[in-house]
Amino acid sequence: NSKVIQTPRYLVKGQGQKAKMRCIPEKGHPVVFWYQQNKNNEFKFLINFQNQEVLQQIDMTEKRFSAECPSNSPCSLEIQSSEAGDSALYLCASSPQVSQNTLYFGAGTRLSVL
Amino acid sequence: QQKVQQSPESLSVPEGGMASLNCTSSDRNFQYFWWYRQHSGEGPKALMSIFSDGDKKEGRFTAHLNKASLHVSLHIRDSQPSDSALYFCAASGTGNTGKLIFGLGTTLQVQP
């Protein structure tokens with residue numbers, strides 16, 4: 001069983017609504033990643049953190065998407081105004097180090113935007 | 001263009017047979033490779049990593065890396081129905097932020 005906990009498992013939103021999902025990384029893992037997996041199984045990297053600091057993020061994340069990993073609280077990914085194209089499986093992963101790292105994934109949050 | 005390309009898209013093997021999956025990178029910066037497996041309704045789970053040329057064996061799974069041709073393969077010996085899943089190849093380069101680039105996956109079906 002995955003030690004990366006993602007909630008909720010399923011999320012249904014209307015277009016224009018906010019969608020927020022959370023992730024508790026594996027204990028002792030300071031690096032956290034968010035990926036989007038679409039229906040064609042394509043993985044799109046969104047953002048990653050080392051502790052509370054952003055390491056890298058893509059343009060999409062810089063606009064409608066926001067994410068944070070506060071200390072002593074779950075990490076979160078929020079879509080400010082959901083669009084139909086955002087419907088996907090959102091995967092959180094954690095890792096014990098930045099480079100040459102194996103990522104440990106949660107089960108994901110499946111977002112459906114109606 | 002996908003920087004990590006996998007073949008075949010789908011594969012069916014009989015129980016007890018050998019499954020062979022392939023992955024090729026188009027980016028010479030990629031030095032580190034992983035194989036992940038994803039069962040339906042679950043997140044991907046790392047099977048093995050391979051960073052050096054040659055073979056790496058873990059149980060029924062053997063990975064092979066050829067850095068010169070940027071080709072990595074995964075061979076599953078004595079395939080079981082529980083091996084039926086999506087298999088992803090992932091790669092990363094040196095330094096940077098640790099981001100992994102994934103291929104589009106190979107669907108493996110093991111027929112009982």
Side-chain angles (χ1 to χ4, degrees), chain A residues 1-7 9-10 21 23-26 29-51 53-58 60-61 67 69 88-110, chain B residues 1-11 21 23 25 27 29-52 56 58 61 63 65 67 72 85-108:
Chain A
N1 289 336
S2 174
K3 295 179 182 178
V4 176
I5 308 300
Q6 288 191 249
T7 56
R9 287 295 308 271
Y10 302 93
M21 54 204 82
C23 170
I24 300 175
E26 189 167 331
H29 286 190
V31 188
V32 174
F33 297 75
W34 285 99
Y35 281 85
Q36 179 196 65
Q37 185 182 21
N38 67 21
K39 62 181 180 180
N40 297 318
N41 296 321
E42 183 179 14
F43 284 76
K44 182 178 289 185
F45 168 83
L46 297 177
I47 191 169
N48 63 344
F49 295 84
Q50 183 170 19
N51 297 312
E53 301 299 319
V54 175
L55 291 174
Q56 186 178 2
Q57 61 185 335
I58 66 166
M60 181 172 74
T61 311
C69 270
L89 182 67
Y90 288 84
L91 292 163
C92 175
S94 69
S95 174
Q97 61 186 48
V98 175
S99 60
Q100 300 178 40
N101 53 306
T102 293
L103 302 189
Y104 297 84
F105 285 88
T109 292
R110 184 163 297 282
Chain B
Q1 182 191 4
Q2 280 288 120
K3 287 191 172 184
V4 176
Q5 295 176 307
Q6 292 186 240
S7 64
E9 284 189 18
S10 62
L11 178 64
L21 291 71
C23 173
S25 170
D27 190 335
N29 288 322
F30 289 160
Q31 293 291 307
Y32 311 113
F33 296 87
W34 288 259
W35 284 100
Y36 281 80
R37 179 165 76 181
Q38 185 177 27
H39 284 108
S40 181
E42 299 178 8
K45 180 178 178 181
L47 286 174
M48 58 196 307
S49 60
I50 184 164
F51 301 159
S52 302
K56 183 177 181 181
E58 292 187 4
F61 300 89
L65 175 60
K67 284 192 175 183
V72 60
L86 262 170
Y87 288 76
F88 292 98
C89 172
S92 76
T94 56
N96 64 64
T97 62
K99 178 177 72 175
L100 297 192
I101 304 299
F102 287 80
L104 293 179
T106 292
T107 300
L108 172 65

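Naming: A, B, ... by sequence-line order, numbering from 1 per chain.
- The CD1 atom of B:Ile101 lies 12.0 Å from the NZ atom of A:Lys44; values are rounded to the nearest 0.5 Å.
- One finds the CZ atom of A:Phe43 at 9.0 Å from the OH atom of B:Tyr36 (value rounded to the nearest 0.5 Å).
- In terms of heavy-atom pairs under 4.5 angstrom with chain B, the leader among A:Val31, A:Leu89, A:Asn48, A:Asn40 is A:Asn48.
- From A:Tyr35, atom OH reaches atom NZ of B:Lys99 across 7.5 Å, with rounding to the nearest 0.5 Å.
- Between chain A and the residues B:Gln38, B:Lys45, B:Glu42, the most heavy-atom pairs under 4.5 angstrom are made by B:Gln38.
- Using a 4.5 Å cut-off on side-chain heavy atoms (C-beta onward), B:Leu100 and A:Leu103 make contact.
- At least one side-chain heavy atom of B:Phe88 sits less than 4.5 Å from a side-chain heavy atom of A:Asn41.
- For B:Gln31, no part sits under 4.5 Å from any heavy atom of chain A, backbone or side chain.
- Looking at A:Arg110, neither its backbone nor its side chain comes within 4.5 Å of chain B, counting heavy atoms on both sides.
- In this structure, B:Trp34 CH2 and A:Asn101 CG are separated by 5.5 Å, a value rounded to the nearest 0.5 Å.
- In this structure, CD in A:Gln37 is found 9.0 Å from CZ in B:Phe102, a value given to the nearest 0.5 Å.
- Note: B:Pro44 leads B:Ala90, B:Gly103, B:Pro44, B:Gly43 in heavy-atom pairs under 4.5 Å with chain A.
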